[in-house]
Amino acid sequence: MERSDIRIFEGKPFFVVMRRAETMEESCLRCHGDPAKAPADLVKVYGEDRSFHRKVGEAVSAISIRIPLSTAYAQADVSAWKLSGLLFLAMSLFLVASLWLNSRLVLSPLSLIRRKAQQIAESDVHLGEEIPVPSGRELGELTAAFNRMSIKLRKSRDDLENRVIERTAEMRMAIGNLAGGIAHDFNNLLGIIMGNCEMALLDTSVNTIVQQHLEQIARASRRAKNIVKQILAFSRKSDAGRTIVDIRWIIDETVGLLKFSTTQQIDIRWNARAKGVNTAILADPNQIQQALLNLCTNSIHAMRDRKGILEIGLDVVDLTESNTPAGLKAEPGSYVKIRVSDTGHGISDEILPRIFDPYFTTKERSEGTGLGLSVVEGIVKSHNGAIQVRSQPGSGTVFDIFLPGPQVPIPAQKGEKPVDPAKEHHSILIVDDEKELLAALKSMLEHLGYLVAAASGASQAMEIFRKKPETFDLVITDHDMPGTMGSELALQIARVRSDVPIILCTGHLGDALVDQLRDKGIRSVLLKPFSLRQLAAEVEKVLHGEKGE
């Protein structure tokens with residue numbers, strides 16, 4: 001094994017070659033033998049050093065040869081080392097520059113494309129947003145293709161949204177027409193039920209079982225009436241009317257409906273802390289009651305396998321920045337707070353954030369659709385309110401609804417004053433193609449003291465009216481009738497006698513159509529189904545101006 005190197009001896013460079021050996025050879029004695037025969041330059045260097053001089057066959061570990069070098073060669077060697085260092089530095093700089101350019105021209109655009117694709121995957125808001133195109137050919141083509149794809153997806157999304165909007169409008173129109181037809185028939189049935197129920201109550205002794213059952217029927221009928229009203233409002237995509245209403249009345253009626261339809265295992269408690277305090281707000285009472293029923297139904301379902309307590313509380317609170325509950329999205333101000341709490345199985349932390357999501361439900365498919373709490377949240381937000389829920393598994397659930405208020409004045413509760421009979425015996429012609437409803441309406445008006453002539457259609461009504469037009473003080477007609485509509489009948493009556501007032505009864509007319517009918521001579525429009533009180537007030541108002549209710 002040989003090893004070579006350049007070494008400096010006494011300031012001069014030598015090329016040293018070392019070879020492994022065991023004994024001295026004759027060829028080696030030319031330099032390591034007799035000093036008198038050795039080269040003069042070696043003798044000059046090593047002199048009489050006996051370690052240098054050897055004999056043939058003498059044991060050694062290695063043999064070295066030193067060859068003197070010129071100064072120029074040594075300098076060239078040093079320059080070579082320097083050149084190697086510069087070359088290494090240049091290669092290092094080239095590598096760093098390559099990495100920087102790769103990051104700037106390749107990795108950075110690819111990372112931007114990845115982030116943009118992730119954004120599009122999470123939300124279509126970023127569709128159509130173009131990425132700057134880099135100069136590299138391949139990357140430029142890739143980015144341009146990505147931009148074209150994003151723009152095309154955005155256009156497809158917009159086209160789909162437009163088609164959905166158009167289709168939704170068509171479906172809403174179809175639903176509106178269908179709901180109108182259903183409402184007409186359903187309101188007629190409710191009118192028959194409500195009319196006969198109220199007449200039966202008038203002939204029933206107070207504080208009897210029969211009276212209690214009849215009152216439950218009356219309450220359920222009013223609830224059904226409100227549901228039909230909500231369906232019609234939804235199909236027309238119009239806001240239901242809002243009025244100043246005392247939340248106590250809504251809760252009273254809701255509790256009555258719940259007790260009538262809930263098992264004895266559930267103890268329903270109604271606790272109003274704000275006694276003697278104004279709890280009236282500007283709201284749609286039907287929607288507020290719908291929200292309460294949805295919450296209470298969920299609570300009852302959570303206690304279906306056990307005995308439990310459903311408690312409804314009412315209070316008035318003033319929220320400030322310091323006392324607003326954490327997480328409640330409500331502006332500072334005065335609020336009416338409704339609390340619905342139960343002792344059911346509670347809600348886990350994993351599920352709690354999702355309970356207001358549409359169609360999210362833990363119930364079986366046959367037990368619910370997952371829209372109940374979503375509807376509640378929508379109703380509360382539409383009233384500029386806020387809702388908060390607290391729950392723990394096994395410890396029940398508490399819902400707090402905050403509605404802006406209270407508003408003044410509190411309106412008088414409907415139904416407090418008895419219905420007084422008419423002071424004058426006016427003659428009224430009533431028209432409806434539903435015979436049972438016609439009979440109920442006739443009975444109600446006769447109870448009020450009016451003289452009533454009944455007709456089951458427009459042709460029969462005109463026949464009766466033409467015989468003695470001067471004898472009738474008022475005409476009450478249904479609007480949706482086969483053959484001749486109520487509005488057309490009103491025009492025919494006006495040609496015979498123009499001064500006779502006409503009340504048009506309907507269950508699904510919009511406000512714009514009501515205004516058009518009034519412009520054509522219809523004195524008043526009475527929405528079906530109506531109570532005895534509403535009928536009495538409307539007839540009194542039409543016959544005697546605004547002196548009625």
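All values below come from the heavy atoms of this structure, side chains included, with hydrogens, waters and symmetry mates left out. Just so we're clear, the structure is a prediction, and the values are computed from it rather than from any experiment.
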Distance check, rounded to the nearest 0.5 Å: [X] atom [atom1] versus [Y] atom [atom2]?
X      : Y      : atom1 : atom2 : answer
Asp433 : Leu438 : CG    : CG    : 9.0 Å
Ile351 : Ile355 : CD1   : CD1   : 10.0 Å
Ile268 : Leu258 : CD1   : CG    : 5.0 Å
Thr477 : Ile430 : OG1   : CD1   : 10.0 Å
Ser395 : Ile347 : OG    : CD1   : 12.0 Å
Leu474 : Ser524 : CG    : OG    : 9.5 Å

Closer than 3.5 angstrom, by distance alone: can the side chain of [X] be matched with the main-chain N or O of [Y] as a donor-acceptor pair?
X      : Y      : value
Ser498 : Ala494 : no
Glu198 : Leu532 : yes
Gln388 : Ala326 : yes
Gln289 : Pro285 : no
Glu215 : Gln212 : no
Asp473 : Ser427 : yes

Work out which heavy atom in [X] is nearest to a heavy atom in [Y]; give both atom names and the distance.
X      : Y      : value
Ala330 : Thr324 : O-CG2, 4.5 Å
Asn187 : Pro529 : OD1-CD, 3.1 Å
Met199 : Ser443 : CE-OG, 3.5 Å
Ala283 : Ile288 : CB-CG1, 3.9 Å
Glu321 : Pro332 : CG-CG, 4.1 Å
His383 : Asp284 : NE2-N, 3.1 Å

(message) Are Ser205 and Gln211 packed together at the side-chain level, in the sense that at least one heavy-atom pair is separated by less than 4.5 angstrom?
(response)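 Not touching, per the 4.5 Å side-chain cut-off.
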
(request) Determine the interplanar angle of the Phe465 and Phe472 rings, folded into 0 to 90°, and report it as parallel if under 30°, tilted if 30 to 60°, perpendicular if over 60°. (result)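 Parallel: the ring planes of Phe465 and Phe472 meet at under 30°.
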
(request) Take Met481 and Val431, measure what side chain to side chain contact (heavy atoms under 4.5 Å, CB included) needs, and give me the verdict at the end. (result) CA-CA 9 Å; Met481 295 186 296; Val431 188; 3.9 Å; yes

(message) So, using side chain to side chain contact (heavy atoms under 4.5 Å, CB included) as the criterion, who are the partners of Glu488 when residues are at least two apart?
(response)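 Result, side chain to side chain contact (heavy atoms under 4.5 Å, CB included) vs Glu488: Thr484, Met485.
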
(message) For Arg219, is there an ion pair with Asp252 - N to carboxylate O distance below 4.0 angstrom?
(response)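 Looking at Asp252 and Arg219, the cut-off is not met.
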
(message) Can you tell whether the side chains of Lys307 and Asp267 come within less than 4.0 Å, N to carboxylate O?
(response)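 No.
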
(request) Go through Gln290 and Asn286 one step at a time and tell me if the side chain to side chain donor-acceptor pair (under 3.5 Å) criterion holds. (result) CA-CA 6 Å; Gln290 182 66 56; Asn286 299 327; over 6 Å; no

(request) Kindly state each residue pair satisfying salt bridge (charged side-chain N to carboxylate O under 4.0 Å, His left out) with at least one member in residues 439-467, sequence neighbours excluded. (result)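 Those involving residues 439-467 are Lys442-Glu446.
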
(message) Under the criterion side chain to side chain contact (heavy atoms under 4.5 Å, CB included), I'd like the reasoning laid out for Leu310 against Cys296: C-alpha separation, chi angles, the key distance, then a yes or no.
(response) CA-CA 8 Å; Leu310 170 62; Cys296 293; 4.0 Å; yes

(request) Decide if the gap between the ring center of His426 and the ring center of His544 is smaller than 6.0 angstrom. (result)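 Yes, ring centres under 6.0 Å apart.
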
(request) Determine whether the side chains of Thr320 and Asn323 contain a donor N or O and an acceptor N or O closer than 3.5 Å. (result)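 Asn323 and Thr320 do have a side-chain donor-acceptor pair below 3.5 Å.
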
